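Here the structure is a predicted model, which means the values were calculated and not measured. Below, chain A is the first sequence line, B the second, and so on; all start at residue 1. Heavy-atom basis, side chains included; hydrogens, waters and symmetry copies ignored.
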2 protein chains.
Amino acid sequence: MRKNRERRAALVDAAIEVLAREGARGLTFRAVDAQAEVPTGTASNYFSSRDDLLTQAGGRIYERLQPDEATMALTMEGPRDQDRTIQLLKAMVGRITAYSTGYLALLELRLEATRRPELRAVLTERIRADVDMNVKYHLESGLPGDATTVKLLYLALNWLIVERLTLPEVFSAEDAEELVVRAVERLIPG
Amino acid sequence: MRKNRERRAALVDAAIEVLAREGARGLTFRAVDAQAEVPTGTASNYFSSRDDLLTQAGGRIYERLQPDEATMALTMEGPRDQDRTIQLLKAMVGRITAYSTGYLALLELRLEATRRPELRAVLTERIRADVDMNVKYHLESGLPGDATTVKLLYLALNWLIVERLTLPEVFSAEDAEELVVRAVERLIPG
């Protein structure tokens with residue numbers, strides 16, 4: 001059983017690599033087998049369909065994008081002010097940008113969702129829950145700003161990450177840091 | 001000559017359809033020929049390489065995303081205040097969202113650019129010019145806000161369009177309108 005769970009996790013991670021590198025259309029059971037260096041036919045024993053594999057890849061990316069417990073605990077430390085908010089958001093943008101494979105794979109999944117209603121339903125639920133959790137966490141943690149602040153930061157920072165990962169010369173790393181600062185300053189109501 | 005230009009334009013439009021529907025990996029000369037309903041081998045006579053076709057598709061999408069002259073003239077009418085800014089941005093989001101094929105194809109091109117340095121260079125130049133033009137136009141038109149306002153609106157509204165086009169139930173059409181209003185209210189400095 002444990003070996004099965006590990007094998008399944010390795011196949012899902014391989015699928016994320018394939019998604020980021022080859023795009024959603026390149027994601028076949030055969031490509032996943034090759035990426036995971038397992039015999040051809042293995043992935044098809046672990047997933048009922050390509051949709052199943054796509055959905056599990058989406059779930060896994062979300063798991064890996066979440067901060068670990070130590071990071072979460074750290075976010076509760078320090079003053080609850082604008083500077084601390086900026087510091088935490090810069091760290092978040094840095095963490096997500098560093099996991100570029102996962103973020104690019106998630107974009108591929110979003111595009112694939114326009115063609116696959118089942119995947120769209122799963123991603124919609126996941127992302128709505130993520131937005132709601134971000135709002136709840138921000139408000140409960142005592143950081144400044146309201147629900148609108150969090151939603152607008154979610155929008156602006158997601159596209160900033162898209163820019164940094166797809167066309168990194170449009171906004172330099174310094175431009176990006178500056179935009180995070182300005183976004184927080186303006187989106188937290190006086 | 002004129003017939004050649006029309007044929008080329010039709011092939012580029014067909015490529016945009018293929019990009020949005022099949023993803024970047026689905027974009028082959030053969031798929032473009034089929035989409036344009038021309039004999040196999042036609043596209044390869046009009047474009048020197050797949051990169052050439054991808055680049056021209058990107059250019060054409062940008063052309064079509066620009067407002068026409070009548071729309072541009074209209075944006076110069078009316079008061080130069082916050083309400084007018086909101087109205088113009090809502091119209092812009094509506095116009096881009098309505099051209100979903102082009103916007104989704106552009107996202108596919110961005111993802112493809114992570115794999116193709118030549119395409120990345122062309123898109124970087126194009127998008128940087130677009131951001132600069134947005135800033136220049138906004139400031140010269142007398143609408144309220146500064147360069148930072150325009151850049152942060154660019155970020156937030158791009159991701160809002162991604163949400164509406166890929167997972168339209170995360171934010172409803174009304175949520176989206178509300179977010180445009182709040183974004184303008186907060187991003188224009190008091």
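- Proximity to chain A involves both the backbone and the side chain of B:Ala183, based on heavy atoms less than 4.5 angstrom apart.
- The contact between B:Leu165 and chain A is made entirely by backbone atoms, counting heavy-atom distances below 4.5 Å.
- In the hydrophobic clustering of this structure, B:Leu27 does not group with B:Val122; members are Ile, Leu, Val, Met, Phe, Trp, Tyr whose side-chain heavy atoms approach within less than 4.5 Å, directly or through other members.
- Between A:Trp159 and B:Trp159, the two ring planes are tilted [angle within 30° to 60°].
- Here the closest non-hydrogen pair linking B:Leu104 and A:Leu111 is CD2-CD2, 3.7 Å.
- With a 4.5 angstrom heavy-atom cutoff, B:Arg110 touches chain A via backbone and side-chain atoms both.
- For the atom pair CG (B:Leu107) and CD (A:Glu108), the distance works out to 10.0 Å, reported to the nearest 0.5 Å.
- For B:Ser100, no part lies under 4.5 angstrom from a heavy atom of chain A.
- Hydrophobic clustering (side-chain heavy atoms under 4.5 Å, transitive across Ile, Leu, Val, Met, Phe, Trp, Tyr) groups B:Leu153 together with B:Val131.
- Residues B:Gly26 and A:Arg25 approach most closely at CA-NE, 3.5 Å, considering heavy atoms.
- Chosen from B:Arg182, B:Glu185, B:Glu112, the residue pairing most often with chain A at heavy-atom distances under 4.5 Å is B:Arg182.
- Proximity to chain A (any heavy atom under 4.5 Å) is shown, for B:Glu163, by both the backbone and the side chain.
- Applying the 6.0 Å contact sphere to CZ of A:Arg30 captures no more than 12 heavy atoms from other residues, nucleotides or ligands.
- Neither B:Leu143 nor B:Leu187 shares a network with the other; the hydrophobic side chains, linked directly or stepwise wherever heavy atoms of I, L, V, M, F, W or Y lie under 4.5 Å apart, form separate groups for each.
- Atoms CG and OG1, from B:Leu167 and A:Thr114 in turn, are 9.5 Å apart once rounded to the nearest 0.5 Å.
- When heavy atoms are compared at a cutoff of 4.5 Å, B:Ala20 approaches chain A solely by way of its backbone atoms N, CA, C and O.
- Proximity of a side-chain donor or acceptor of B:Arg128 to a complementary backbone N or O of A:Glu169 within less than 3.5 Å is detected.
- Note on A:Ile96 and A:Tyr62: same hydrophobic cluster, where clusters join Ile, Leu, Val, Met, Phe, Trp and Tyr whose side-chain heavy atoms are under 4.5 Å apart, directly or indirectly.
- The CG atom of B:Leu155 sits 8.0 Å away from atom CG of A:Leu157, with the distance rounded to the nearest 0.5 Å.
- Nearest heavy atom pair, residue A:Arg115 against residue B:Arg21, reads NE-O, 2.8 Å.
- B:Leu88 and B:Val180 fall into different hydrophobic clusters, where Ile, Leu, Val, Met, Phe, Trp and Tyr residues are linked whenever their side-chain heavy atoms come under 4.5 Å apart, directly or through other members.
- The CG atom of B:Asn158 lies 11.5 Å from the CG atom of A:Asn158; values are rounded to the nearest 0.5 Å.
- Side chains of B:Arg186 and A:Thr149 form a contact here, defined as non-hydrogen atoms less than 4.5 Å apart.
- Within the 4.5 angstrom heavy-atom criterion, no atom of B:Glu125 approaches chain A.
- Comparing A:Ala121, A:Gly23, A:Pro189 by how many heavy-atom pairs each has under 4.5 Å with chain B, the most go to A:Pro189.
- Between atom OG1 of residue A:Thr148 and atom CD of residue B:Glu178 there is a gap of 7.0 Å, rounded to the nearest 0.5 Å.
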